[in-house]
Protein chains: 2
Amino acid sequence: MRIIHGLAMIERHHLEILRAVERHGSLTAAAEQLHLTQSALSHAVRKLEQQLDTPVWLREGRQLRFTQAGSQLLGLANRLLPQFEHAEMQVRQIARGQRGSLRVGMECHPCYQWLLKVVGPYLQYWPDVDVDVKQEFQFGGMGALFGHDIDLLVTPDPLHKPGVCFESVFDYEQVLVVPEGHSLADKAWVEPHQLEKETLITYPVAVERLDIFTRFFLPAHCTPARHKTIETTDIMLQMVAAGRGVSALPRWLVDEYARNLPITALKLGKEGMPKQIFLGFRERDESVDYLSEFVKLAREVRWG
Amino acid sequence: MRIIHGLAMIERHHLEILRAVERHGSLTAAAEQLHLTQSALSHAVRKLEQQLDTPVWLREGRQLRFTQAGSQLLGLANRLLPQFEHAEMQVRQIARGQRGSLRVGMECHPCYQWLLKVVGPYLQYWPDVDVDVKQEFQFGGMGALFGHDIDLLVTPDPLHKPGVCFESVFDYEQVLVVPEGHSLADKAWVEPHQLEKETLITYPVAVERLDIFTRFFLPAHCTPARHKTIETTDIMLQMVAAGRGVSALPRWLVDEYARNLPITALKLGKEGMPKQIFLGFRERDESVDYLSEFVKLAREVRWG
DNA sequence: GCCAAACCGTGAATTATTCTCATGAATAGG
DNA sequence: CCTATTCATGAGAATAATTCACGGTTTGGC
């Protein structure tokens with residue numbers, strides 16, 4: 001790098017020289033360790049001294065004693081060189097796909113509960129990967145994926161487009177949750193019209209994204225009497241248990257809560273409502289180890 | 001520097017390029033700022049990428065987007081380059097027979113007022129030392145000290161760790177400020193429950209760092225009715241004088257303002273609330289005379 | 001006290017690296 | 001569709017780094 005204004009002068013290799021001289025006590029020994037000649041080091045230091053306009057060390061007999069300026073530079077060397085070395089190691093790990101950050105985007109509320117079960121084991125296997133979960137996307141999950149705001153999208157609605165892959169990683173059944181003792185609680189399944197006088201509780205998202213409407217109520221041309229929205233699963237199920245309404249959630253999620261709350265799950269329609277969770281990622285990232293391993297691990301996680 | 005084992009690869013000028021590209025958005029613009037051609041930068045980056053075995057950025061149309069490896073290097077650049085630059089400045093000053101610069105970090109708002117009183121006399125005694133005050137720290141004051149972003153930390157909360165020394169330099173009393181004519185104004189001291197209907201005005205920092213909470217309200221299990229935050233001491237005391245709330249500040253600070261504003265200071269609790277200001281510095285710098293002299297001078301400054 | 005060994009410094013020659021120039025390919029915007 | 005802008009590339013010129021060869025000093029042993 002040719003310097004015009006004489007500003008940048010201290011280079012990494014100057015610091016390497018200073019450190020080696022301190023460690024080995026002489027230019028000659030430092031030169032050997034750096035696989036260079038003593039002359040090369042001498043020239044390099046002399047040039048640095050000219051640019052800094054101050055000696056870095058003083059010859060005392062055949063010893064070198066660092067000047068105040070030299071000590072400063074030595075301190076700089078001992079602080080900065082390890083950082084260079086550490087960064088080189090990290091970048092090499094990134095290059096090999098062993099390290100990085102995985103930004104996961106979520107498009108469905110209960111997906112979050114599922115994700116938590118995958119993230120735990122994943123962090124064990126990939127201690128050098130940071131996982132970051134995001135939930136709000138200005139241009140939707142696909143937009144976030146294309147815009148590189150996230151690397152992985154968790155969604156129940158794969159939207160196939162060139163450049164992205166979707167993999168199905170989890171099959172489950174969406175069920176209706178009712179309080180124990182509800183008039184429907186002992187039925188095997190429920191039909192839309194049976195809910196015409198009920199209050200339905202959902203997460204606060206657009207109706208088009210709620211399968212309970214698009215796949216259950218609307219095809220039967222009926223709706224529930226009231227529709228309330230609640231942010232959190234816990235409160236939602238507390239409300240259901242208290243008889244304030246019914247809700248549609250994954251069966252595995254309901255089963256977990258049913259241990260502590262008086263609630264029951266019912267099939268939605270005679271055949272039930274099967275659903276899947278998909279993971280989407282950019283095709284270009286297919287070869288990134290820590291990403292494809294996440295997808296693989298996600299597929300393997302099973303539920304007892 | 002000819003490298004044998006292919007290890008040292010990231011050079012300062014690579015970091016300069018990365019930083020310039022981030023700042024100016026394009027290779028061409030970066031080249032101009034560095035007084036080089038676009039071609040030179042392109043070659044340099046390409047070589048770095050070959051050595052690291054990973055791209056630093058990806059061309060997307062005519063935009064460059066940093067890869068994870070690139071972002072890592074960018075972080076390195078932003079951390080290391082300022083240190084190179086500071087070291088160069090400092091060495092040049094040493095070369096000119098000057099002493100360098102003392103970078104002082106502040107962790108408490110009113111400390112600033114105190115510091116101003118010390119800096120004046122200090123600059124008289126050490127005409128060739130520059131004093132620079134910094135107030136924002138990404139990793140806290142201690143982080144800044146260890147990271148060599150500052151040389152001296154002014155704080156009311158010394159956090160003893162190996163490698164740093166703290167010295168107590170100033171004892172003072174924290175008092176409650178109320179407007180003249182306030183119902184408490186003629187009391188000798190105030191108890192927490194007497195403030196239960198008041199508005200408390202503080203600097204905008206975390207509650208855990210406010211002694212008025214940790215040492216006054218919380219032990220008595222009560223809180224003020226409202227809590228407002230204000231950046232500047234002047235406005236804060238204007239608000240108090242106008243009857244909009246009460247505040248807790250050092251007595252010496254209140255006394256100064258009380259000459260011009262209708263405000264009064266009260267002891268916090270019967271015994272008052274004693275506080276101290278500490279100066280922290282790296283142990284290795286203990287022998288730096290212009291630094292230890294600052295600490296000594298700070299201890300000697302008295303208040304009339 | 002003297003000599004050999006171990007240092008560091010210097011100039012010239014050599015080798016390696018960096019930079020520029022000229023050019024091509026891709027892309028966004030008019 | 002054309003133009004202006006941007007990055008990439010190869011070749012050659014310019015610059016910088018390194019070695020070689022040698023000279024001067026210091027140190028310690030004999």
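The figures that follow rest on heavy atoms only: side chains count, while hydrogens, waters and symmetry mates do not. Each chain gets a letter, A, B and so on, in the order the sequences are listed, and its residues count up from 1.
If you take NE2 of A:H13 and P of C:dT18, they are 11 Å apart, rounded to a whole angstrom. Atom P of nucleotide D:dA17 and atom CD of B:E11 are separated by 10 Å, given to the nearest angstrom. Atom C1' of nucleotide D:dC7 and atom CD of B:E32 are separated by 16 Å, given to the nearest angstrom. In this structure, B:Q50 places its CD atom 12 Å from C1' of D:dA8, rounding to the nearest Å. Taking atom NE2 of residue B:H14 and atom P of nucleotide C:dT17, one finds them 12 Å apart after rounding to whole Å. The NE2-P distance, from B:H24 to D:dC7, rounds to 13 Å in whole Å.
When side chains are defined from C-beta on, A:S101 counts as touching B:Q68, because their heavy atoms get closer than 4.5 Å.
The aromatic rings of A:H109 and A:Y203 sit parallel to each other, their planes meeting at less than 30°, with 60° as the upper class boundary.
Checked by distance alone, B:S39 brings a side-chain donor or acceptor within 3.5 Å of a matching partner on the base of C:dC21. At a cut-off of 3.5 angstrom, counting only N and O atoms as typed in the model, there is no donor on one side facing an acceptor on the other between the side-chain of B:T28 and the base of D:dC7. Contact annotation: side chain of A:S42 to base of C:dT10, donor-acceptor pair absent below 3.5 Å. Not a single donor-acceptor contact under 3.5 angstrom links the side-chain atoms of A:H35 to the base of D:dT18.
Panel note: side chain A:T67, backbone A:G70; a donor-acceptor pair is recorded below 3.5 Å.
Closest to the A:L64 side chain, of the nucleotides C:dA12, C:dC8, D:dT6, is C:dC8. Listed nucleotides C:dT10, C:dC7, D:dA17 differ in distance to A:H43; the shortest reach to its side chain belongs to C:dT10. For A:A40, counting side-chain heavy atoms from C-beta on, the closest listed nucleotide (D:dT6, D:dT18, C:dT18) is D:dT18. Distance from the side chain of A:K47 is smallest for D:dA16 among the nucleotides D:dC7, D:dT19, D:dA16. Among the nucleotides C:dC7, D:dA8, D:dT9, the one closest to the side chain of B:Q38 is D:dA8.
Just one of A:D289, A:D130, A:D128 meets the salt bridge (charged side-chain N to carboxylate O under 4.0 Å, His left out) condition when paired with A:R99; it is A:D128. The side-chain hydrogen bond (donor to acceptor under 3.5 Å, both in side chains) test with A:Q276 is passed by exactly one of A:D157, A:D171, A:T155: A:D171.
Base engagement by B:T37 is indicated by at least one non-hydrogen atom pair under 4.0 Å involving a base atom.
Contact annotation: A:R46 side-chain N/O to C:dT10 OP1/OP2 distance is under 4.0 Å.
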